[in-house]
Structure formats: structure tokens, C-alpha cells
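Structure first, then comments.
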Amino acid sequence: MKNLDDPMNETAFFTLSAQEVCAATGISRDTLYAYVSRGIVRAIAHPGDARKSLYDHRDVRKIIAGKKRGRSRQSVAASTIDWGEPILVSKITRIADGRFFYRGRDAVVLSDTMTLEDAARLLAGLRVDQDRCCAPDFIPANHAAPFDRMIAMMAGEVTNHPAGDGRPAAAKLMRLAALAAAGMRDDGESPIHVMLARAWSAKPEATDLLRRALVLCADHELNASAYAVRVAASAGASVPASLLAGLATLSGSRHGGLTPRCRAWMDRVERRNIDPVRDGVPPGFGHPLYPDGDPRTRAIMQSCGQVGDAFWARIADRVTDETGQYPSLDFGLALLERELDLPKGAGLGIFAVGRMAGWIAHLFEQRQSGKIIRPRAAVAG
């Protein structure tokens, strides 16, 4: 093992193999990969072997120093709640070095050609295209936003879910959720992105743009809604009940609910010509895991032609220059909603339909662990 106190190591930060990190810190490889996904340990591709990574020895030294100081159970628990150390190990999505990977494959690259059905098969082992079904008749197509229809559909399924509770049932629910968002009945043939494009937009480019956006939304590691799904699944909740927990959490104004807030801000900027940063950082900017910019948003903006001197590219650059915060996925989805003349709320609908794939993957991964998620509380006062 390399000597971590060797001052020569200070001139080349990424020097350690996974084996050396684990030996130096006493952690498992799964824990190391989880640390990388949380940004606790930085990694780069090995210059001599693309299948391997090299790790930043400065981060490893911090872990070792922390172990020497020791930490109370309460302080460790507190650090896990707010962008802290990982408390669950997952093999679904990894976030590192400004990129994210579905089962080890670059998700932005996958979005060039994949459909959401392909992503669901990769992430969760689903065969969504084999489970055709009709959207429930009680969902009003014209009197509710796409996300509201999804919530109503899933709530109905909680008390009347299919006899099965495995992957076939989950695949059926995923397609039902898409149909609810679209407000239409199943044609028995079209992929999800085609159905949404047909229901929402007359623009020919909508089909491919929606396909890409759905894949980019499919999963994003252990975010709040994925965690909610896992908590419900760990308690033995049914598939629709677990997915309803994810939808409820996604609706929050600090999660998926940022998308309609960003859309409203964009409308104000364009119609009233207001200063885009008059109130500080606007909704839809900043992501702790992507200090140099969200790759999902870059991909959507490029696909929409919002680069260079395009209006929303210039607005985004202005916000970044003045606040240091880059546009997040919420900005990209709100932009897509505007560019394609989609119905109000479609951006959040895209987010929710796409994220079904990841939630289902987390649900079954948590079930496989056989453990209930039950943190302890440190009582104040």
C-alpha cells in the first residue's frame, strides 16, 4: 500500500486504487462506491485501464482522520440526513465527477438512443412493453394537471392493486402512470414517449425530446423520493403504495415541485422582462452534487437548441455568472415544457413518469435487502 504521508503524493492527487483505499480506511468496496456517489471521495478513470478508477488521496486522508477522532452514533446519524454520508448501498445509479451512471453506463450517452422502457429494463428488470393496459376511466383528461392525474390513479391502485405484487404488476403500473399523465387510453402499440408526444404537443421534434428527457429522469441515486419509496417498501408496503410515497414526496416544492415554480419564474422573466436575479437564486438553479453544472440539463438544453446566444441559454448564463449556481433538471424540464408548448405541469409529469423506472428499481432492491429502514432520533432538550 502507498504511504499516505509521503509528501510526493501531494503533487498527484488521484493516486490510489480501490484496493488501496479499502486497505487504508477499513471500508468495503460497496461503501467506497457509495462514498464516491455522494462526492465524499473523488475518483477519475484509470489512465491505463478504463474498467478501473483512481481515488483522491486527500479525501482518503480525511476519512482516516475522522476514524481516528471517532464520532458518536448521534453525530453519524445526523450527518446522514442532509447531503451527508450514505446510509444505504445501492447498485442502481452512481453519481461521480459531474456525471451519472445507470448500472455503470453513462446515462447521458444512453439518452441518445434509449427509450424509457429500455431504461426500466436496465434499472429494474422490467418488461413494460409486455404489459398493455387501459387508463382508468375515472381520470378526467381535461380537468387536472398530468401529475394530479398520476396521483389519483396511483391512490386508486393502492386499495385496488393487482393480485400480483412483483415486477409484472410494477411494469403495468408504470405504463398506467404514463397513460394517466397523458390523459388517454392505451393504444396497445406506442412507447411511452410517443403517447405523451401525441397527447401533449403538435411539434414534430416533441417525440424525440420527450424520449430523451424521460431517460434522463429515470433515476438519480438516493434522492428524497427514492428514499421515500425505499422506506415504504422496507415496511412491506405494496408496489402501488410504495410508488405513491414517491409521488407524494416528488410533489414537494424542494423536489419535483421546483419544476412548476421554475416554469412560473420563466414566464415572469419573459413576459414582464424582470431582472432574472432580482430575488437572488431563482428556482431551478443549483445542485449540491453538480457544482459545475447538471449534465441532465445540459443535454436537454442542447437538444432544444438553447446554447450560445439563444434566449434561455443567455438567461441561464446570467444567473450562473451572478450567483455561481448552474441550471438544474427543473430548469431543463420547465424549458422543455415551454419549447414544445406542452400543457402546464407537463414538466413535472415528465419527471414523475420517467422516475417511475428508478423508483421501481429501488423498491425491489430494498425488498431484496430484507431490512426495514428505521433511523433513531436524537431528542433535543
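Just so you know, residue 1 is the first one in the sequence shown, and it goes up from there.
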Task: Contact check, side chains of Arg230 and Leu363, non-hydrogen atoms, under 4.5 Å - done: no
- [ ] Write down the atom of Ala24, the atom of Val60, and the distance for their closest heavy-atom approach.
- [x] CB-CG1, 4.4 Å
Task: Residue pair Arg198 / Ser190, side-chain donor-acceptor N/O under 3.5 Å - done: yes
Open item on the list: Within the structure provided, determine whether Leu173 and Glu157 are in side-chain contact (heavy-atom separation under 4.5 Å).
Closed with: yes
TODO: Supply the atom-to-atom distance Glu270 CD to Arg338 CZ, rounded to the nearest 0.5 angstrom.
DONE: 4.0 Å
- [ ] Would you check, one step at a time, whether the test side-chain contact (heavy atoms from CB on, under 4.5 Å) holds for Leu32 with Cys22?
- [x] CA-CA 7 Å; Leu32 171 60; Cys22 293; 4.3 Å; yes
TODO: For the pair Leu122 and Leu110, evaluate side-chain contact (heavy atoms from CB on, under 4.5 Å) and give the outcome as yes or no after the intermediate values.
DONE: CA-CA 11 Å; Leu122 173 65; Leu110 293 177; 3.8 Å; yes
Task: Exam field: side chain Arg211 to backbone Met114, donor-acceptor pair closer than 3.5 Å - done: yes
- [ ] Could you verify whether a donor N or O on one side chain and an acceptor N or O on the other, from Ser90 and Glu365, lie under 3.5 Å apart?
- [x] yes
- [ ] Taking the side chain as every heavy atom from C-beta outward, state whether Leu247 and Arg355 have any atom pair closer than 4.5 Å.
- [x] no
- [ ] Nearest 0.5 Å please: distance from the CG atom of Asp59 over to the CG atom of Asp56.
- [x] 4.5 Å
Open item on the list: Rounded at 0.5 Å granularity, tell me how far CD1 in Ile192 sits from CE in Met195.
Closed with: 5.5 Å
Open item on the list: Rounded at 0.5 Å granularity, tell me how far CG in Leu348 sits from CG in Leu333.
Closed with: 8.5 Å
- [ ] Quick one: list whatever passes side-chain contact (heavy atoms from CB on, under 4.5 Å) with Arg272, sequence neighbours left out.
- [x] Arg268, Ile274
Task: Side-chain (Thr297) to main-chain (Leu329) donor-acceptor, under 3.5 angstrom - done: yes
- [ ] Look at the aromatic rings of Tyr290 and His287 and report parallel, tilted or perpendicular, splitting at 30° and 60°.
- [x] tilted
Open item on the list: Donor-acceptor check, side chain of Thr207 to backbone of Ala197, threshold 3.5 angstrom: yes or no?
Closed with: no
Task: Gap between atom CD1 of Ile92 and atom CD of Glu221 - 0.5 Å precision - done: 10.0 Å
TODO: Kindly indicate whether the side chain of Leu176, heavy atoms from C-beta on, has any atom under 4.5 Å from the side chain of Met153.
DONE: yes
Open item on the list: Please tell me whether Ile373 and Leu222 are part of a single hydrophobic cluster in this structure, the criterion being side-chain heavy atoms less than 4.5 Å apart.
Closed with: yes
Open item on the list: Donor-acceptor check, side chain of Lys344 to backbone of Arg263, threshold 3.5 angstrom: yes or no?
Closed with: no
Task: Heavy-atom side-chain contact between Arg175 and Leu179 under 4.5 Å - done: yes
Open item on the list: Is the distance between the ring centroids of Phe285 and Phe331 under 6.0 Å?
Closed with: yes
Open item on the list: Using only atom types and a distance under 3.5 Å, with no angle test, would you say the side chain of Arg261 pairs donor to acceptor with the backbone of Pro282?
Closed with: no
TODO: Could you tell me whether the side chain of Arg121 and the main chain of Leu116 form a donor-acceptor pair under 3.5 Å?
DONE: no
Task: side-chain contact (heavy atoms from CB on, under 4.5 Å) involving Ala226 - partner list, sequence neighbours excluded - done: Asn223, Trp359, His362
TODO: Tell me, with the steps shown, if Val239 and Arg367 meet side-chain contact (heavy atoms from CB on, under 4.5 Å).
DONE: CA-CA 11 Å; Val239 171; Arg367 279 187 176 182; 3.8 Å; yes
TODO: Give a yes-or-no answer on whether the side chains of His220 and Thr93 include a donor-acceptor pair shorter than 3.5 Å.
DONE: no
Open item on the list: Is it true that, when you exclude Lys52 itself, more than 12 heavy atoms of the residues, nucleotides or ligands shown sit nearer than 6.0 Å to its NZ?
Closed with: no
Open item on the list: Could you go through Arg296 and Phe100, starting from their C-alpha distance and side-chain angles, then the distance that decides it, and tell me whether this counts as side-chain contact (heavy atoms from CB on, under 4.5 Å)?
Closed with: CA-CA 9 Å; Arg296 301 168 296 178; Phe100 69 116; 3.3 Å; yes
Open item on the list: Quick check with a 6.0 Å cut-off and a 45 degree axis cone: is Arg42 positioned over the face of Tyr55's six-membered ring?
Closed with: no
Task: Atom CG of Asp309 with >12 non-hydrogen neighbours under 6.0 angstrom - done: no
Task: Atom of Pro295, atom of Gly98 and distance for their closest heavy-atom approach - done: CG-O, 3.5 Å
Open item on the list: Quick one: does any side-chain atom of Ser242 pair with a main-chain N or O of Ser238 as donor and acceptor, under 3.5 Å?
Closed with: yes
TODO: May I ask you to check whether Thr320 and Asp317 show a side-chain donor-acceptor distance below 3.5 Å?
DONE: no
Could you list the donor-acceptor pairs under 3.5 angstrom formed between side-chain atoms of residues 299-306 and any protein atom two or more places apart in sequence or on another chain?
{"unit_1": "Ser303", "atom_1": "OG", "unit_2": "Arg212", "atom_2": "NE", "d": "2.9"}
{"unit_1": "Ser303", "atom_1": "OG", "unit_2": "Ala299", "atom_2": "O", "d": "2.9"}
{"unit_1": "Gln306", "atom_1": "OE1", "unit_2": "Trp312", "atom_2": "N", "d": "2.9"}
{"unit_1": "Gln306", "atom_1": "OE1", "unit_2": "Ala313", "atom_2": "N", "d": "3.1"}

Open item on the list: Check this for me: Arg105, atom CZ, are more than 12 non-hydrogen atoms of other residues, nucleotides or ligands nearer than 6.0 Å?
Closed with: no
Open item on the list: Quick one, Trp200 and Ile350 - any side-chain contact, counting heavy atoms below 4.5 Å?
Closed with: yes
Open item on the list: Could you tell me if the side chain of Gln19 sits less than 4.5 Å from the side chain of Arg29, heavy atoms only?
Closed with: yes
Open item on the list: Quick check: do Gln366 and Val231 have side-chain heavy atoms less than 4.5 Å from each other?
Closed with: no
TODO: Could you go through the salt bridge (charged side-chain N to carboxylate O under 4.0 Å, His left out) check for Arg318 and Asp275 one step at a time?
DONE: CA-CA 10 Å; Arg318 165 96 184 275; Asp275 184 343; 3.0 Å; yes
Task: Nearest-0.5 Å distance, OG of residue Ser111 to OH of residue Tyr102 - done: 8.5 Å
TODO: Begin from the C-alpha positions of His193 and Thr115 and carry the test side chain to side chain donor-acceptor pair (under 3.5 Å) through to its verdict.
DONE: CA-CA 8 Å; His193 66 279; Thr115 65; 5.6 Å; no
